[in-house]
Structure formats: structure tokens, C-alpha cells
2 protein chains.
Amino acid sequence: MFKKVLISDDLDSINHGVMTVAASLGIKEVVQVQYCDDAYLKLKKAAMDGDPFDLLITDLSFKLDHRDQTYPSGDLLIKAVREAYPNLQIAVYTVEDRLQRVRALMQDRYADAYVCKGRKGLVELSHAIRALDKQESYLSPQIAHALNDKEALEVDDYDIALLQLLARGFSQDEVSAHFKNSHISPSSLSSIEKRLNKLRIQFKANNAIHLVAMVKDLGLI
Amino acid sequence: MFKKVLISDDLDSINHGVMTVAASLGIKEVVQVQYCDDAYLKLKKAAMDGDPFDLLITDLSFKLDHRDQTYPSGDLLIKAVREAYPNLQIAVYTVEDRLQRVRALMQDRYADAYVCKGRKGLVELSHAIRALDKQESYLSPQIAHALNDKEALEVDDYDIALLQLLARGFSQDEVSAHFKNSHISPSSLSSIEKRLNKLRIQFKANNAIHLVAMVKDLGLI
DNA sequence: ATCTTCCTTACGGCATACCGTACTGCTCCA
DNA sequence: TGGAGCAGTACGGTATGCCGTAAGGAAGAT
């Protein structure tokens, strides 16, 4: 079983429960932090001291407060950590259950386990830790199909950028100008209209407002 | 100090931490449930048995699953409970920190305390319980000004309904027809345009898409 | 090299949204 | 009772969005 685990979640209530689970699995050393930057520093220090952590359990969304952060979100922390410490196992523990988010983290092995906070969250987290200990990955049941399904995979980065600009109040004309400036192709008004039309059909949206509202609900933007 | 407390939160990790806090305050009987309907039933049974709860601590948002629920959200549970058991103290414990939500629950005394889950959530909850025990209300520091500020109070139910319909893909024409059918006034296209214009100015939005995206981010719809 | 196909772009018609103005009816108050 | 102020409505002009059609250009196929 793991010897040294770092828990990173901004909510104290969550950290509390996670620490109990880790302890009940016989993990001796459990450290908890409430900021991603603190997590990174703890990992770094432990590695330099020759006594590195072997598991990181982290949330994705962290509330912003007065403290400026290099890593304001769990996603960013994970990518930085994965690069610096490839041997560290990483488990995500979050309420976020959009397949898009799961794919973004699990497809390229940024994370090794993805556990959704829910009614059985701690039970699943316990399973996840045991799986990771056996060098297996883990996905919560409700998002276990995330990596198989092809659905909604046809929305690419360009589409996301386009939808984000619309959500920020750009007119189609302004989006076109913006894409021209940024040398993003296609950039013509006509192409933007066409792409939006494709997205509207794909999501069965009545109009642009509806479309943006839907993709916000889906967590795509 | 309270004798009998009911905790209602769908996340097991949260319930765990809250129970610890309640126990540390010397509360003898602490019961926890993960569904609002269960909460209501427990309260009802205890009251009928002549041994009622004296404090309810509940989340607002509960994930939906296979179980059909009479009270799918904490808001609905609270309103039902307040009516049935006016003497029961009610504390909200939630991540939701929009002033709009705080006002909706605290202004008419539906809830007696409103605590935001955060880095110091459990500490604040502890304070809240002690305050309630002294018949005082409690608000987390970050939303303590909710009941004083007048800002954003000008968004009423009509505005919310209008924005929701837009987010669901209705054209302004269709919104007008819908309001006429529902006998909601004003219903003319002209008035709807006017109201939207007011909201756009108020939120500094460039257009309707922007506006809907913003109010979704703010949690108003 | 020519053809096919797909993607990008351009344009025109129509629908909807946006905005200013003006009329109506109501309430409040002198 | 008459006028000010406000909310709701109506209407017209301009801008933007939506949709179909078609022209230009790049990449691959024969």
C-alpha cells in the first residue's frame, strides 16, 4: 500500500473525509493542503528531501481568494505535477462528472484515477486507491464509459474557441475579425456561420443563445 | 446545546466532516441522510414519536439518481420543513455563495443560518451552530452583506423567467406568446425587448448571448 | 494533367434582434 | 381635476443572424 499521500482540496469538510479513508487503508503518512500551489511545494520539497509522495489526491475546482496562485485549478496542478514527477500516482476527486473533463485528464494519462464526489464518493475513492496501488487505473462507475463513447468528440478546439467568444459577447463579425488577427482559419464570416449552423444541428439548439446555454451546461466552455 | 441534529447532504465526504463537528460540540444524537425525502421522513417520525429534532443542517443541491424525490433540492425541503415544523432551527451548508440564493432563503426566515462550504467551512459551521443555540442567526463572512446590499436586487422573478426561456432556445416572439398563454404581464414583444435591454445594460452585456452566458455563470438561472 | 471532392469564401434574401420614438392607460399627488 | 411620471404597447429603421447558392482554391485520385 502507498506510504505517503498528499490530499489537495479547498473544502475542509472534504479533506476531513478523505483523510479518514486514507488512514483506514493503513496509509501512514497523510498530508493535506487547501491550495494547489501548496500541493506543488509539498511535492517538490518531499522529492528534494529524498522522501517523495507516492500518491496525490486532488480536487479540480478551487475557490479563488486573496491568495494569488500559480495553479488556480486542479487541472493545471496535475499537468505540472505529471511533468515534474512522472512516477507519482494521481487521483482526481471532484464533483465534476462531465465526460469531456474526464477525457481531458484520463486520455493522455495526466491522471490515473478519476473519482466523482457523490453519495458513495468515499467508497469509490477507497476502491480507487486500492486499484492504483495495484498499478491499475480507476474510473467512478457513472463516468466509466467516458473513454469508450465517441459521442460529442466531434467538437474540436476551434468550436470551443468560437463558442467561448460568443459567450463573451462577440458578434459573428467580431469573431471573424478576432480569428483573422489571431491567424486562426477559417476566419470568414461565412465559415463562422456555417460552423455555428453545424453545432446548432449537432446539439439540436434552436438558436445561438440556446447553443451557448447548452454547451455551458455541458461544461464544454 | 442542541440535543438532536439531522444532517442532510448527498456527499458522504461532507456528511462525515459535519458529523465530527456536531459531535465535538457535544451534541449527543446526530443522524445523517443523503436524500431530502429521507430528511423529511426522519423529521416527521421523530416529531410524531414526541422526540423531535431541534436542528437541521442541510445542503441545497442534491444530485439526482434513480430515486424519485418529492424534494429534489434543499430549498424545497427547507420550505416544506419550515411550514410543518416552525420551531425547528435550520442551517444551510452549501458551496452556493450567490447573494441571490442567500436572500431567497434568509429574507423570509426560511433558514436561520447560511454557511458556505469553503476552506474554513467546518469552523464556520461550528460558529453557526453555537449562534443558533443562542437563538441568533448566522451568515458566513463572505455572504454576510447579502441582506444589506441593494445591488442586483433589481433582478426579479420575471427577469429570471425571461432569461430561462431564452436559454431554452425561445425567440423573443415565442417568449411573448408563452407569456400571453401563461397570463404573465408584460407579454408584448416590445416590453420583452425593453426588459432585455435593461438587463443588458445592467450586466454590461454586449448582446443576448453574452447576457445569458453571464447570468448562467452567476447562477441566476 | 484533369477531375473530383472538400473546405473556404462571397453574396443575396429573409427573419430576428436591437433601438429610438410615440401613444395609451394607470397611479399618485397637488 | 388636471398634470407628472411610469409601465405597457405599437411601430419603423437599422443591424445582425440565419440560410441557401455558388464561385474559388487546395489536396488527393485516376
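From a predicted model like this one, the values you see are computed outputs, not experimental measurements. Here is the naming used below: chain letters follow the sequence lines, and residue numbers restart at 1 for every chain.
- Each of D:dA22, C:dT16, C:dC19 was ranked by its minimum atom distance to the side chain of B:Glu193; first place goes to C:dC19.
- In this structure, the CD1 atom of A:Ile192 is 9 Å from the P atom of C:dT9, given to the nearest Å.
- Closest to the side chain of B:Gln172, out of D:dC19, D:dT16, C:dC18, is C:dC18.
- Atom CG in A:Asn207 sits roughly 14 Å away from atom C1' in D:dC19 (whole-Å rounding).
- Note on B:Asp159 versus B:Lys198: salt bridge recorded, some NZ/NE/NH1/NH2 to OD/OE distance being below 4.0 Å.
- Among the nucleotides C:dC18, C:dA10, D:dT9, the one closest to the side chain of A:Ser190 is C:dA10.
- Contact check, B:Ser188 against D:dT9: a side-chain N or O comes under 4.0 Å of OP1 or OP2.
- Residue B:Asn197 places none of its side-chain N or O atoms closer than 4.0 Å to OP1 or OP2 of C:dC18.
- Protein atom CG of B:Leu165 is 17 Å distant from nucleotide atom C1' of C:dA17, rounded to whole Å.
- Closest to the side chain of B:Lys194, from the set D:dA22, D:dT9, D:dC18, is D:dT9.
- For B:Phe179 and B:Tyr158, the gap between ring centers is short of 6.0 Å.
- Taking the charged nitrogens against the carboxylate oxygens, A:Asp108 and A:Arg82 have no contact shorter than 4.0 Å, which rules out a salt bridge.
- Side-chain contact, B:Asn15 with B:Gln32: a donor N or O sits under 3.5 Å from an acceptor N or O.
- To the nearest angstrom, C1' of D:dC18 lies 13 Å from CG of A:Leu211.
- Atom CG of A:Leu189 is separated from atom C1' of C:dG13 by 15 Å (rounded to the nearest Å).
- Rounded to an integer number of Å, the gap from A:Asp173 CG to D:dT14 P is 18 Å.
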Let me see the working for A:Asp38 and A:Arg67 under salt bridge (charged side-chain N to carboxylate O under 4.0 Å, His left out), right down to the final yes or no.
CA-CA 11 Å; A:Asp38 290 351; A:Arg67 279 181 53 171; 2.8 Å; yes
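- Following rounding to the nearest Å, B:Lys198 (NZ) and C:dC19 (C1') show an atom-to-atom distance of 17 Å.
- Distances shown here put a side-chain N or O of B:Ser191 below 4.0 Å from the OP1 or OP2 atom of D:dT9.
- Applying the 4.0 Å criterion to OP1 and OP2 of C:dA17, one finds that B:Arg200 has every side-chain N and O outside that range.
- Per the geometry, CG belonging to B:Leu199 stands 12 Å off P belonging to C:dC18, to the nearest Å.
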